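Notes follow the structure.
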Amino acid sequence: PGNLLKTIMKSHPSLIIAIPTMYVHLQVLMARKGTGLPESVRLCVSGAAPLPVETIDAFEKAAGSKVLEGYGLTETVGACCLNPPKGKTKIGSIGIPLAGYDMKIVSENGDKRPSGEVGEIAVKGKGVTAGYFNLPEDTKEAIKDDWFLTGDLGYQDEEGYFFVTDRKKELIIKGGFNISPREVEDVLTGHPSVKEAAVIGQKIGEREEVVACVTTKGQVSAKELVSQCKASRSSFKVPDAIYFMEVLPMSLTGKVLKTELAEGFQDERGIKRNKT
């Protein structure tokens, strides 16, 4: 992050495209140094993973530049949705489909969901893959009537803007209730001392518990974070345990590797057991 900020200040770019983790670190650096971005920067774009609303607010305040969130997958050959740079933007939204793409929200049986209802995001367009190489069954499961089923859950509002709520396979089922890790993560990153948060489900016998892993940029206790969650979420969505970590395992594209995170609990690699 330090090298990137130096490069930005030296080269005066007009456009910055980065992953959410980099925006988190840049915001902290700029706030510490008391500096913003050069006036040459017209726009910042974020993709590859969810960008918490609190991070957007803090970054824009520190940088003096707007950051827009977009969405895309390998199977859509990059971005297929983005908040319009010169139109209406909605913080927390991935925007509207780019030219050449159509998107919709579908139910388990493939029916289109009405505005405001959560379902799976489906994408159609010339940029969408024709299938997976030598994997006909996977292709058949992922592509229905030319619509690619992304595996991401979300909804579309009445103005046509899309919102991602979570990965379909990452839903936590606790006591019969479906819990979206994203909505718990958003509460945790809303605390001024929390840098990043990742929420996963952990099986304890037949019961699945909500476990939160956080990195911090200030002093905060697990008890304090639990209280914050209790104030804004239903009781079954409150983390059963919170662990403080030096770093979260990340892919090269900035996605938290939740599978690796879960494995870490089995052998306790790099985990500080501050449990409440």
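No experiment lies behind these values; they were computed from the predicted model shown.
Criterion: ILVMFWY side-chain heavy atoms under 4.5 Å apart, direct or through other members. Under it, V45 and L73 are part of a common hydrophobic cluster. Two different hydrophobic clusters hold L149 and V77 under the rule that ILVMFWY side chains link at heavy-atom gaps under 4.5 Å. When the side chains of ILVMFWY residues are joined at heavy-atom separations under 4.5 Å, either directly or via intervening members, V164 and F162 end up in a single hydrophobic cluster. When hydrophobic clusters are built by joining Ile, Leu, Val, Met, Phe, Trp and Tyr residues whose side-chain heavy atoms come closer than 4.5 Å, directly or via intermediates, F148 is not grouped with L153. No chain of hydrophobic side-chain contacts below 4.5 Å, direct or via other Ile, Leu, Val, Met, Phe, Trp or Tyr residues, connects L188 to V28.
Of the charged side-chain nitrogens involved, at least one lies within less than 4.0 Å of a carboxylate oxygen, so that R233 and E183 count as a salt-bridged pair.
The structure places CD of E260 at 10.5 Å from CG of L248, a figure rounded to the nearest 0.5 Å. Here CG of L225 is found 9.5 Å from OG1 of T216. Values are rounded to the nearest 0.5 Å. Of the inter-residue distances, the one linking D166 atom CG with I172 atom CD1 reads 8.0 Å to the nearest 0.5 angstrom. To the nearest 0.5 Å, atoms OG1 (T150) and CD1 (I121) are separated by 5.0 Å. With values rounded to the nearest 0.5 angstrom, T129 atom OG1 is found 7.0 Å from E75 atom CD. Once rounded to the nearest 0.5 Å, the distance linking NZ of K66 with CD1 of I56 reads 11.5 Å.
The heavy-atom pair separating N83 from S93 by the smallest distance is ND2-O, 2.8 Å. Here the shortest heavy-atom pairing between V210 and K237 reads CG1-O, 4.3 Å. The nearest pair of heavy atoms linking G154 to I105 is O-CG2, 3.6 Å. When all heavy atoms are compared, the tightest approach of Q228 to G190 is NE2-C, 3.8 Å. Nearest approach of F163 to G92, heavy atoms of both residues: CD2-O, 3.3 Å. When all heavy atoms are compared, the tightest approach of C81 to M103 is CB-SD, 3.6 Å.
Side-chain N or O atoms of S234 include none that pairs as donor or acceptor with a backbone N or O of F236 at under 3.5 Å. Side-chain atoms of T76 do not come within 3.5 Å of backbone N or O of C80 as any donor-acceptor pair.
Residue pairs meeting the salt bridge (charged side-chain N to carboxylate O under 4.0 Å, His left out) criterion with at least one partner in residues 108-129, sequence neighbours excluded, are E108-K168, R113-E117, E120-K168. Counting only residues at least two apart or on different chains, the salt bridge (charged side-chain N to carboxylate O under 4.0 Å, His left out) pairs with a member in residues 86-100 are K88-E159, K90-D157, K90-E159. Residue pairs meeting the side chain to side chain donor-acceptor pair (under 3.5 Å) criterion with at least one partner in residues 38-64, sequence neighbours excluded, do not occur; the list is empty.
Under the rule for a ring pair (Phe, Tyr, Trp, His ring centres under 6.0 Å), Y161 has no partner lying at least two apart in sequence or in another chain. Listed by chain and number, the residues in a ring pair (Phe, Tyr, Trp, His ring centres under 6.0 Å) with Y132 amount to none (sequence neighbours excluded). Residues meeting the side chain to side chain contact (heavy atoms under 4.5 Å, CB included) test with D145, sequence neighbours left out: none. Annotation: ring pair (Phe, Tyr, Trp, His ring centres under 6.0 Å) contacts of Y23 (sequence neighbours excluded): F59. With sequence neighbours excluded, no residue satisfies ring pair (Phe, Tyr, Trp, His ring centres under 6.0 Å) with Y101.
Between L82 and I94 there is no side-chain heavy-atom pair separated by less than 4.5 Å.
Taking Ile, Leu, Val, Met, Phe, Trp and Tyr as hydrophobic and joining them when side-chain heavy atoms fall under 4.5 Å apart, one finds F133 isolated, its cluster having no other members. Residue W147 shares its hydrophobic cluster (ILVMFWY side chains chained together at separations under 4.5 Å) with no other residue.
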Exercise for review: Evaluate side-chain contact (heavy atoms from CB on, under 4.5 Å) for L261 paired with M245, printing each intermediate quantity in order.
Suggested key: CA-CA 11 Å; L261 195 59; M245 301 179 65; 3.6 Å; yes

Review point. Can you list the steps and then say if K230 with E224 is a salt bridge (Lys or Arg N to Asp or Glu O under 4.0 Å)?
Key: CA-CA 10 Å; K230 285 181 177 178; E224 192 176 339; over 6 Å; no

Review point. Which is it for V211 and V199 under the side-chain contact (heavy atoms from CB on, under 4.5 Å) test, yes or no, and what are the steps along the way?
Key: CA-CA 6 Å; V211 175; V199 172; over 6 Å; no

Exercise for review: Could you give me the CA-CA distance, side-chain angles and deciding distance for K258 and E170, then say whether side-chain contact (heavy atoms from CB on, under 4.5 Å) is met?
Suggested key: CA-CA 9 Å; K258 291 192 175 181; E170 291 177 358; 3.6 Å; yes

Check your understanding: Between K217 and H25, does a side-chain contact (heavy atoms from CB on, under 4.5 Å) hold up when you go through it step by step?
Key -> CA-CA 10 Å; K217 51 186 177 183; H25 290 298; over 6 Å; no

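A side-chain donor-acceptor contact under 3.5 Å links E196 and T215.
Atom CD of E141 is surrounded by 12 or fewer heavy atoms from other residues, nucleotides or ligands within 6.0 Å.
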Just list the side-chain donor-acceptor pairs under 3.5 Å for residues 3-22, sequence neighbours left out, or say none.
| residue | atom | partner | partner atom | Å |
| --- | --- | --- | --- | --- |
| T7 | OG1 | N3 | O | 2.8 |
| S11 | OG | T7 | O | 2.7 |
| H12 | NE2 | M9 | O | 3.2 |

Would you mind writing out the side-chain donor-acceptor pairs for residues 30-37 within the sub-3.5 Å range, not counting sequence neighbours?
none

